[in-house]
Amino acid sequence: MIRSVEVSLSAAESLPTTGLPGWAQQVAQILDYAAQEGMVVELTARPDTLTPAQAASRLGMSRATVTRRVHDGRITALRVGNRIRIPVREVERYRESLMIEMARLDQDGIEDDLNLG
């Protein structure tokens, strides 16, 4: 679930940064600077996604193959308008499943070779 939150800071206010991770300290510094300059800052949370072409590049296959895998349900994707977006985590999950399948096939092939000899 994505939420929108509006927070107004005056230039006199300062955000506490003690105990925050580095990335949060950087965000606090940006917000402090924006407040001092009278600027507006928007923070947006969205899932990290890839286009089918980007996913294909990471997986070492064609864009058409990735699109077929989305349509046959092997890769879960999101529809954004008329476009397909694939979460990075899903690409990593699918890559892992391919590696496991390849290892299983290699093991089966080795066992077959041993049984022939």
Side-chain angles (χ1 to χ4, degrees):
M1 173 173 46
I2 296 175
R3 296 180 135 178
S4 177
V5 178
E6 285 188 34
V7 178
S8 297
L9 297 174
S10 71
E13 295 176 289
S14 182
L15 294 172
T17 59
T18 309
L20 294 177
W23 66 268
Q25 289 178 11
Q26 289 177 333
V27 170
Q29 290 170 353
I30 292 168
L31 292 174
D32 280 340
Y33 174 78
Q36 291 171 10
E37 298 295 318
M39 296 178 175
V40 174
V41 176
E42 289 183 11
L43 298 176
T44 304
R46 61 177 171 74
D48 194 13
T49 60
L50 302 170
T51 65
Q54 291 167 327
S57 176
R58 289 192 182 194
L59 293 168
M61 56 182 60
S62 73
R63 181 198 51 77
T65 298
V66 169
T67 302
R68 281 194 303 274
R69 298 295 182 266
V70 168
H71 290 296
D72 68 20
R74 289 190 242 174
I75 296 176
T76 302
L78 309 167
R79 282 260 177 215
V80 180
N82 64 349
R83 307 213 186 272
I84 295 171
R85 294 295 177 262
I86 305 165
V88 171
R89 287 184 178 167
E90 177 63 8
V91 172
E92 296 305 319
R93 183 209 58 80
Y94 185 70
R95 177 188 294 157
E96 181 72 20
S97 74
L98 289 176
M99 298 302 282
I100 290 168
E101 180 65 15
M102 286 181 358
R104 189 187 65 73
L105 291 173
D106 281 348
Q107 181 180 5
D108 291 347
I110 291 169
E111 288 174 2
D112 289 345
D113 290 344
L114 291 174
N115 289 334
L116 292 176

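All values below come from the heavy atoms of this structure, side chains included, with hydrogens, waters and symmetry mates left out.
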Give a yes or no on whether [X] and [Y] share a hydrophobic cluster (residues Ile, Leu, Val, Met, Phe, Trp, Tyr; joining criterion: side-chain heavy atoms under 4.5 Å apart).
| X | Y | result |
| --- | --- | --- |
| Leu98 | Val70 | yes |
| Val88 | Val66 | yes |
| Trp23 | Leu31 | yes |
| Leu78 | Ile75 | no |

*asked:* Once side-chain hydrogen bond (donor to acceptor under 3.5 Å, both in side chains) is applied, what residue pairs with a partner in residues 96-105 remain, sequence neighbours excluded?
replied: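 Residue pairs passing side-chain hydrogen bond (donor to acceptor under 3.5 Å, both in side chains), neighbours aside: Glu101-Arg104, Arg104-Asp108.
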*Should the heavy atoms of other residues, nucleotides or ligands under 6.0 Å from CE of Met99 be counted, would the total exceed 12?*
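No - once you tally the heavy atoms of other residues, nucleotides and ligands closer than 6.0 Å, there are 12 at most.
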*So does Arg83 have more than 12 non-hydrogen atoms from other groups sitting under 6.0 Å from CZ?*
no
*Are Glu92 and Arg89 ion-paired here, with the side-chain N under 4.0 Å from a carboxylate O?*
no
_According to salt bridge (charged side-chain N to carboxylate O under 4.0 Å, His left out), who are the partners of Arg63, at least two apart in sequence or on a separate chain?_
none
_According to salt bridge (charged side-chain N to carboxylate O under 4.0 Å, His left out), who are the partners of Asp48, at least two apart in sequence or on a separate chain?_
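For Asp48, no residue satisfies salt bridge (charged side-chain N to carboxylate O under 4.0 Å, His left out) once neighbours in sequence are set aside.
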Applying side chain to side chain donor-acceptor pair (under 3.5 Å), can you list everything that pairs with [X], at least two apart in sequence or on another chain?
| X | result |
| --- | --- |
| Arg69 | Tyr94 |
| Arg68 | Thr65 |
| Asp72 | Arg74 |

*Could you give me the CA-CA distance, side-chain angles and deciding distance for Ile86 and Arg58, then say whether side-chain contact (heavy atoms from CB on, under 4.5 Å) is met?*
CA-CA 12 Å; Ile86 305 165; Arg58 289 192 182 194; over 6 Å; no
_Min side-chain heavy-atom separation Ile84-His71 under 4.5 Å_ = yes
_Rounded distance [0.5 Å steps], OG1 in Thr51 versus CZ in Arg85_ =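 The CZ atom of Arg85 is 6.0 Å from OG1 of Thr51, to the nearest 0.5 Å.
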*Any donor and acceptor pair, going by atom type alone, linking the side chain of Glu90 with main-chain N or O of Pro87 inside 3.5 Å?*
no
